[in-house]
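When reading the values below, keep in mind they use all heavy atoms of this one structure, side chains included, and skip hydrogens, waters and symmetry mates.
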Amino acid sequence: MGLWNSIRYYNTVKYLQIKSKKLACLKWSIHGIIFISICVILFWKKEYQENSHLVSSVTAKVKGVAVTKDSDLEGVLWDVADHSGLSQGKDSFFVVTNAIVTKNQKQGSCPEVPDSGKKCRSNKDCTKGYTDQKSNGVQTGKCVDFDWSVKTCEVFAWCPIEKRRVGPKPAILGSAENFTVLIKNNIGFPNFNYTNRNILPHMNDTYLRGCVFNRTTDPYCPIFRLGYIVQEARENFTEMAIEGGVIAIQINWECNLDRLFHKCVPEYSFRRLDEKNSNKTIFPGLNFRFARNYKQNGVEERTLFKTYGIRFDVMVTGKAGKFNLIKLITYIGSTLAYFGVTIIVVDFLLANYVHPSCCKKEVKSYYTGKKYETVEYQLEMRDVSNREGQDCESSP
């Protein structure tokens, strides 16, 4: 019968109307708070917009020359091919700031450096053909004098072996802070078929030849002074140049593609990525080795460089939003349920905590009686049984 009745009849909710200005004010106050909150979220988080992810490409071009003042390299000119020609991976560039140079190396036999090889007293302590990760060559089986105080195993290697372990102080290319880099960033939002770049439309050749990025005076110039980047990352370039490190150049695109509020320009920020304190990490900074080979009197020789420097990683993030009617309707529909909170709050307060000045005691009792009906199950079932029995007795 219950299913049949649900098909035959239409049910609706019954409301009680209470004539109380104070309860009406409470109801509309809660409605107002909910409405304002929904509107704030709608416009603050742009819930009426459809979003698109970002695709990006980055290229960087470093410019600058410097002359070294270290005793081993005094008067040597370093240009872009010397200090920035080494690739460090996608969306990054590397600038040499310090170096240890070992000149005139050629293959032969020489004593191993004590820090990298094995100290010995006789040939028995050395194994011919042995090598490990720390050594600079292959042991010949001989124990020879490294200097007047210590003996080490002889190795077949590029001799003389690099002896210096710590970079010069101050850094030989400390003037690299005045180098500049042009960063070209092309971005696109596939969902909207929209593309842009950080070289904005008003930037012509004349402008780009004279501008340098400054957060206050020129925040959109794509040419950056390396010293300013490190300064914005709250680091000291002179100190960082000694051992090197890693700096992040973050480009963020938060684009509004609506016609009335169109805005799509890059925002730059900078921070250091590696651990700079020597007492907190085993190998602080950033360094690697490379060699320049040549022939001298028919014999192959090389100059070994252990270079320290700063790697700049360009990280591009962002999103774009554009008005979408379906998104707006979906958001409005999903928030309508919040207005039901008003009924719950007012009913709860009216039944439990409303002050007599708001509603008289008789009104509250009448409201409670109309709103809630208490049914005792056992008593109700007994009454039903009695009625059924009387019906049976009265029937012929």
Side-chain angles (χ1 to χ4, degrees), residues 1-55 187-194 196 252-265 267 317-375 377 380:
M1 291 295 293
L3 178 60
W4 176 243
N5 288 335
S6 66
I7 296 174
R8 293 171 59 197
Y9 303 118
Y10 168 74
N11 298 324
T12 187
V13 180
K14 179 181 179 181
Y15 290 97
L16 294 177
Q17 187 178 63
I18 302 174
K19 294 182 179 181
S20 171
K21 293 181 179 179
K22 293 183 179 179
L23 286 180
C25 289
L26 176 61
K27 180 191 75 171
W28 288 112
S29 297
I30 297 174
H31 278 338
I33 293 172
I34 294 173
F35 179 75
I36 292 172
S37 301
I38 291 173
C39 290
V40 169
I41 295 173
L42 174 66
F43 292 103
W44 182 262
K45 293 190 175 182
K46 296 182 176 64
E47 295 289 347
Y48 56 86
Q49 289 186 335
E50 176 189 0
N51 294 320
S52 174
H53 67 280
L54 175 144
V55 293
I187 58 104
F189 297 103
N191 289 3
F192 307 131
N193 194 28
Y194 178 85
N196 202 353
N252 186 43
W253 295 83
E254 292 292 335
C255 295
N256 188 341
L257 302 184
D258 293 337
R259 288 186 178 182
L260 294 178
F261 306 101
H262 187 281
K263 183 180 180 182
C264 194
V265 293
E267 295 181 359
T317 58
K319 65 178 182 178
K322 193 173 184 180
F323 177 80
N324 184 282
L325 183 60
I326 296 177
K327 287 277 291 183
L328 178 61
I329 294 173
T330 302
Y331 175 77
I332 293 174
S334 65
T335 56
L336 290 178
Y338 290 112
F339 288 98
V341 175
T342 304
I343 299 175
I344 298 173
V345 173
V346 174
D347 284 352
F348 179 78
L349 293 177
L350 184 60
N352 297 278
Y353 298 106
V354 172
H355 194 269
S357 62
C358 178
C359 292
K360 294 181 180 181
K361 186 176 182 180
E362 293 79 6
V363 175
K364 288 182 61 177
S365 300
Y366 181 77
Y367 168 80
T368 305
K370 288 290 185 180
K371 182 74 175 178
Y372 307 100
E373 183 177 355
T374 303
V375 178
Y377 179 76
E380 186 71 18

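Phe323 is not listed as a side-chain neighbour of Leu257, based on a closest heavy-atom distance of 4.5 Å or more. Residues Asn324 and Tyr48 fail the side-chain proximity criterion, which asks for heavy atoms closer than 4.5 Å. With contacts defined as side-chain heavy-atom distances shorter than 4.5 Å, the pair Phe192/Glu50 qualifies.
The closest donor-acceptor contact from the side chain of Asn196 to the backbone of Cys264 lies under 3.5 Å. In this structure a side-chain-to-backbone donor-acceptor pair under 3.5 Å is present from Tyr331 to Ile38.
Scored by the ring-ring contact (aromatic ring centres under 6.0 Å, His included) test, Phe35 finds no partners at all (sequence neighbours excluded). With sequence neighbours left out, Cys25 forms a disulfide bond (SG atoms under 2.5 Å apart) with no residue at all. With sequence neighbours excluded, no residue satisfies ring-ring contact (aromatic ring centres under 6.0 Å, His included) with His53.
Annotation for Thr317 and Leu54: closest pair O-CD1, 4.1 Å, computed over non-hydrogen atoms.
Within the model, atoms OG of Ser52 and OH of Tyr194 stand 12.0 Å from one another, a figure rounded to the nearest 0.5 Å. The structure places NZ of Lys46 at 8.5 Å from NZ of Lys319, a figure rounded to the nearest 0.5 Å. Interatomic distance, Leu42 CG to Leu328 CG, rounded to the nearest 0.5 Å: 6.0 Å. Here OG of Ser334 is found 8.0 Å from CG of Leu336. Values are rounded to the nearest 0.5 Å. Distance check: Asn51 CG to Lys327 NZ gives 6.0 Å after rounding to the nearest 0.5 Å.
The side-chain hydrogen bond (donor to acceptor under 3.5 Å, both in side chains) test with Asn256 is passed by exactly one of Lys263, His262, Gln49: Gln49.
Atom CD1 of Ile326 sits in a sparse spot, with 12 or fewer heavy atoms from other residues, nucleotides or ligands closer than 6.0 Å.
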